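Inspection log for the structure reproduced underneath, given as structure tokens.
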Amino acid sequence: MILLNEESEKNEEKNDDSRTDSVQDGMTIVRAGRSAFAVITVIGQIEGHYKLPQDNKTTCYEHLIPMIVAAECSDKTDGILVILNTVGGDVEAGLALAELLAGVKKPVVSLVLGGAHSIGIPLAAAADVSLVAKSATLTVHPVRTNGLTLAAKQSFDILHDMQERIIEFVCGHSRITAQRFRELMLNSGALTTDMGTVLGGDDAVKEGLLDKVATLSEAIDELEKLIIMRKRD
């Protein structure tokens, strides 16, 4: 369980409008007014089944899973703010985290700062409200694989099926259509050595991938609104 420390609780009793925070089990808990929410960051490359070299900036999915579960179960948190600046990474790990966030009952708001590329897009879209900084970018591209690949139809079928699962998830949690998402993904005229499309914050919203262009303060306001609505219900 994730709990605010005793000193923070005493401060909150003195002034309900003050904003205090604590760090427990790697997760930051922030209080805004009468609501408290967990802050979860997805930074660098999402590390999945294989350990990346030490000079890589990574987010380990096995570390985030208990954070998300704890934020959902704790009576000290009313919602979750997910901040992303990721180049993507392990597809299965990223999609697993996205499914976890999408299955949380408490309000979830995501904010993309810098970038949410590749499998970072489903993570951003999984939130109840998905926000993006105006200067941030999102790269949509096909599923890739590293290492030994057998030149057999079954190998490409597996990649195609995985890609379809990503498309289904993203389109199920955003306003973009599957056809349009595939067009962006398979665009051969935008990247010099790859297929895909790079979208700025405004374009990501126009395409329907994310909901709004916003700042951190606006993201916190959106989360507080959702928390208040859920408490009324």
Side-chain angles (χ1 to χ4, degrees), residues 42-53 56-66 68-69 82 84-104 108 110 112 115-128 130 132 136-200 203-211:
V42 182
I43 306 298
Q45 191 161 345
I46 299 169
E47 191 174 73
H49 302 297
Y50 298 97
K51 198 74 175 175
L52 295 172
N56 285 35
K57 189 72 174 179
T58 62
T59 294
C60 302
Y61 86 112
E62 69 268 26
H63 295 169
L64 289 192
I65 288 173
I68 296 170
V69 173
V82 183
L84 302 102
N85 187 5
T86 176
V87 296
D90 188 289
V91 173
E92 286 189 348
L95 200 53
L97 292 172
E99 289 283 9
L100 270 183
L101 287 172
V104 169
V108 180
S110 64
V112 177
H117 307 292
S118 190
I119 200 63
I121 294 174
L123 271 168
D128 296 306
S130 55
V132 58
T137 56
L138 288 76
T139 303
V140 186
H141 64 72
V143 171
R144 303 162 174 156
T145 183
N146 294 323
L148 177 65
T149 303
L150 295 177
K153 180 179 182 297
Q154 293 90 330
S155 299
F156 296 101
D157 287 344
I158 290 172
L159 290 176
H160 177 268
D161 290 345
M162 183 178 293
Q163 188 164 288
E164 287 301 305
R165 289 197 294 273
I166 293 171
I167 293 172
E168 181 179 359
F169 181 89
V170 171
C171 295
H173 293 84
S174 66
R175 294 173 288 106
I176 196 169
T177 65
Q179 179 180 348
R180 181 55 180 160
F181 193 59
R182 289 191 188 92
E183 289 174 357
L184 296 173
M185 185 179 282
L186 301 176
N187 181 13
S188 60
L191 304 176
T192 56
T193 59
D194 199 355
M195 300 177 73
T197 306
V198 179
L199 300 172
D203 291 332
V205 173
K206 289 177 182 177
E207 292 287 355
L209 274 175
L210 303 180
D211 294 324

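Computed from a prediction, not measured in an experiment: that's the story for all the values here.
The OH atom of Tyr61 sits 4.5 Å away from atom NE2 of His49, with the distance rounded to the nearest 0.5 Å. With rounding to the nearest 0.5 Å, the separation of NE2 in His141 from CG in Leu186 is 12.0 Å. Going from atom CD1 of Ile46 over to atom OG1 of Thr86 covers 4.0 Å, rounded to the nearest 0.5 Å. Remark: Ile43 CD1 to Lys57 NZ distance equals 8.0 Å, nearest 0.5 Å. In this structure, CG in Leu52 is found 11.5 Å from OH in Tyr50, a value given to the nearest 0.5 Å. Rounding to the nearest 0.5 angstrom, the gap separating the CE atom in Met185 from the OG1 atom in Thr139 is 12.0 Å.
Minimum heavy-atom separation, Phe169 to Pro122: CE2-O, 3.4 Å. Summarising the geometry of Ala98 relative to Ala126, their closest heavy-atom pair is O-CB, 3.4 Å, with the distance given to 0.1 Å. Of all heavy-atom pairs between Gly196 and Ala190, the closest is O-CB, 3.4 Å. Here the closest non-hydrogen pair linking Cys171 and Phe181 is SG-CB, 4.3 Å. The nearest pair of heavy atoms linking Gly208 to Ser174 is O-CB, 3.2 Å. Between Ala136 and Gly115, the shortest heavy-atom distance links the atoms CB-N, 4.4 Å.
Residues Asp90 and Ile119 have side chains not in contact (no heavy-atom distance under 4.5 Å, counting atoms from C-beta outward). Within the 4.5 Å cutoff, the side chain of Val205 has heavy atoms near those of the Arg175 side chain. Residues Ile121 and Leu209 form a side-chain contact, since some pair of their non-hydrogen atoms from C-beta on lies under 4.5 Å apart. Two residues are said to be in side-chain contact when any heavy atoms from C-beta on lie closer than 4.5 Å; Leu184 and Ile176 meet this criterion. Asn56 is not listed as a side-chain neighbour of Glu47, based on a closest heavy-atom distance of 4.5 Å or more. Residues Ser110 and Leu123 have side chains not in contact (no heavy-atom distance under 4.5 Å, counting atoms from C-beta outward). For the pair Leu210/Leu138, a side-chain contact is recorded, criterion being any heavy-atom separation below 4.5 Å from C-beta on.
Within 6.0 Å of the CD atom in Glu168, the count of heavy atoms belonging to other residues, nucleotides or ligands does not exceed 12.
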Worked verdict on Glu183 versus Arg180 for salt bridge (charged side-chain N to carboxylate O under 4.0 Å, His left out): CA-CA 5 Å; Glu183 289 174 357; Arg180 181 55 180 160; 3.0 Å; yes
Glu92 and Arg165: CA distance, side-chain angles, deciding distance, salt bridge (charged side-chain N to carboxylate O under 4.0 Å, His left out) verdict: CA-CA 10 Å; Glu92 286 189 348; Arg165 289 197 294 273; 5.3 Å; no
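The main-chain N or O of Asp211 is found under 3.5 Å from a side-chain atom of Ser130 such that the two form a donor-acceptor pair. With hydrogens and angles disregarded, a donor-acceptor distance shorter than 3.5 Å links the side chain of Gln163 to the backbone of Val143.
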